[in-house]
2 protein chains.
Amino acid sequence: MIRMIQSLNEHNREDLQEALGKGGQKLTPQREVVFAVLLAQRDHPTVDEVFNRARESMPGLSLATVYNCLETFVGCGLVRQVNHERESTRYCPNLAPHAHFRDKETGQVHDIELPPEVMKSLRSILPPGFDSEVIEISFLGRTKANDPLHSN
Amino acid sequence: MIRMIQSLNEHNREDLQEALGKGGQKLTPQREVVFAVLLAQRDHPTVDEVFNRARESMPGLSLATVYNCLETFVGCGLVRQVNHERESTRYCPNLAPHAHFRDKETGQVHDIELPPEVMKSLRSILPPGFDSEVIEISFLGRTKANDPLHSN
DNA sequence: TTGCGGTTTAGATTCATTCTAACTCATTAA
DNA sequence: TTAATGAGTTAGAATGAATCTAAACCGCAA
């Protein structure tokens, strides 16, 4: 698939700048390109994938910078890390609470919406004294129909 | 803590032998020692931790063998891998369905029982066409009281 | 213009894990 | 008894994602 990496639109750039600002960080050209890559194709790319896509519009970009940018985004709460077993970390700009479904065959990662009731029932299984900030839920399996609505 | 690594009791050795046999694998002295280490202290050790504990009773044991043994156990369904972020894989002989709670401060991993209703409600959030074999749930947070009942 | 701090960069380093090839050892075949 | 087979074990090399390091860069304030 040929895909032009356009820069961020006005709205997204403002969001990015604001979130970075709150975390005491600046908006740089590199950060803008890396963020644009994440928004352009929401397929949970690895750092290498982000790197390769970003270099299409910014050839001088270095891998270390992509690591730095993504770490900064995570620190500012703009982006979530997704880990499966010990494979390369993937990145996802979907901030709504959601689980991940990993297709055993294709390796593709799909977002699964998490209704509040389910979150609540999960929190309820913690014994007293256990205080959880983050809950990670991941499914591993197969997708029979490739529902395009959920294949991001 | 000083801890003697005893070998397996009759009952556990039989279980191990049977499970290995079903997977077309043999019971070897190394596998017995590694399995005994997992049963002796259910604290989700890393490979290195297993290695160090196992060498107390079998000094010639090699790290590669520990990797091999643990992989064999996982293949035979005797043991589960536990991953958190991209830290070293940990191993756990608790086969009942359970989630993991990771203490942000100590790094300790606690098993959290998973009632069938919760499993069901989780399965129900998958859109049609998504068929999941494995569900991994992990909490990250703090434990206020160090409840000894759950600190394995 | 100079200095400063944060950012970017290339390359080196780390470290868990996997791979490789030699070796051991029990069992089977000759 | 000996040879052959094959799974398991071993030490060390190789891999690869991620981190570290030190130099270069850049916008900005003094």
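First the proteins, then the strands, lettered A, B, ... as listed; each starts at 1.
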Requested in this report: Mind checking E87(B) for me? I need base, sugar-phosphate or nothing, with any heavy atom below 4.0 Å counting as a touch.
Outcome: nothing

Query raised in the report: Can you tell me if the side-chain N/O atoms of T28(A) get under 4.0 Å from OP1 or OP2 in dT8(C)?
Result: yes

Query - Shared hydrophobic cluster for I137(B) and L126(B) (ILVMFWY, side-chain gaps under 4.5 Å) - result: yes

Requested in this report: Just call it for L61(A): base, sugar-phosphate, or nothing, with non-hydrogen atoms closer than 4.0 Å on any strand.
Outcome: sugar-phosphate

Report summary line: Note: for K26(B) and S62(B) on DNA chain D, the residue whose nearest nucleotide lies more 5' is K26(B)

Report task. Respond yes when some side-chain nitrogen or oxygen of R86(A) is under 4.0 Å from OP1 or OP2 of dA17(D), and no when none is. Result -> no

Query raised in the report: CZ of F51(B) versus P of dG12(D): gap in Å, rounded?
Result: 11 Å

Report summary line: Regarding the side chain of T65(A), the nearest nucleotide among dT8(C), dT9(D), dT17(C) is dT8(C)

Report summary line: Rounded to whole Å, the CD-C1' distance (Q81(B) to dT18(C)) equals 13 Å

Report summary line: The answer to which of R31(B) and L63(B) contacts DNA chain D further toward the 5' end, by nearest nucleotide, is R31(B)

Query - L27(A) CG - dG6(C) C1' separation (whole Å) - result: 14 Å

Report task. May I ask you to verify if any side-chain N or O of T89(B) is less than 4.0 angstrom from the OP1 or OP2 atom of dT17(C)? Result -> yes

Query raised in the report: Where the side chain of N68(A) is concerned, which of dT9(C), dG8(D), dA16(C) is the nearest nucleotide?
Result: dT9(C)

Query raised in the report: When you check the gap from the basic side-chain N to the acidic O, do R142(A) and D103(A) get nearer than 4.0 Å?
Result: no

Query raised in the report: So what does S88(A) touch, heavy atoms closer than 4.0 Å: a base, only the sugar-phosphate, or nothing?
Result: sugar-phosphate

Query raised in the report: Should the pair R123(A)-D131(A) be classified as a salt bridge under the 4.0 Å nitrogen-to-oxygen rule?
Result: no

Query raised in the report: When the distance from CD of E49(A) to C1' of dA17(D) is rounded to whole Å, what number comes out?
Result: 13 Å

Query raised in the report: Starting at CZ of R55(B) and ending at P of dT9(D), how long is that distance when rounded to a whole Å?
Result: 16 Å

Query raised in the report: Does M119(A) share a hydrophobic cluster with F130(A), counting links as ILVMFWY side-chain heavy atoms below 4.5 Å and allowing steps through other members?
Result: yes

Query raised in the report: What integer distance in Å separates E71(B):CD from dT18(C):C1'?
Result: 9 Å

Query raised in the report: Separation of H84(A) atom NE2 from dA17(D) atom P, in whole Å?
Result: 17 Å

Query raised in the report: Got C76(A) and Q25(A) here, is their nearest side-chain heavy-atom distance under 4.5 Å?
Result: yes

Query raised in the report: For D48(A) and dA18(D), what is the distance between atoms CG and P respectively, to the nearest whole Å?
Result: 8 Å

Query - Y67(A) side chain, from C-beta outward: closest of dA17(D), dT8(C), dG8(D) - result: dA17(D)

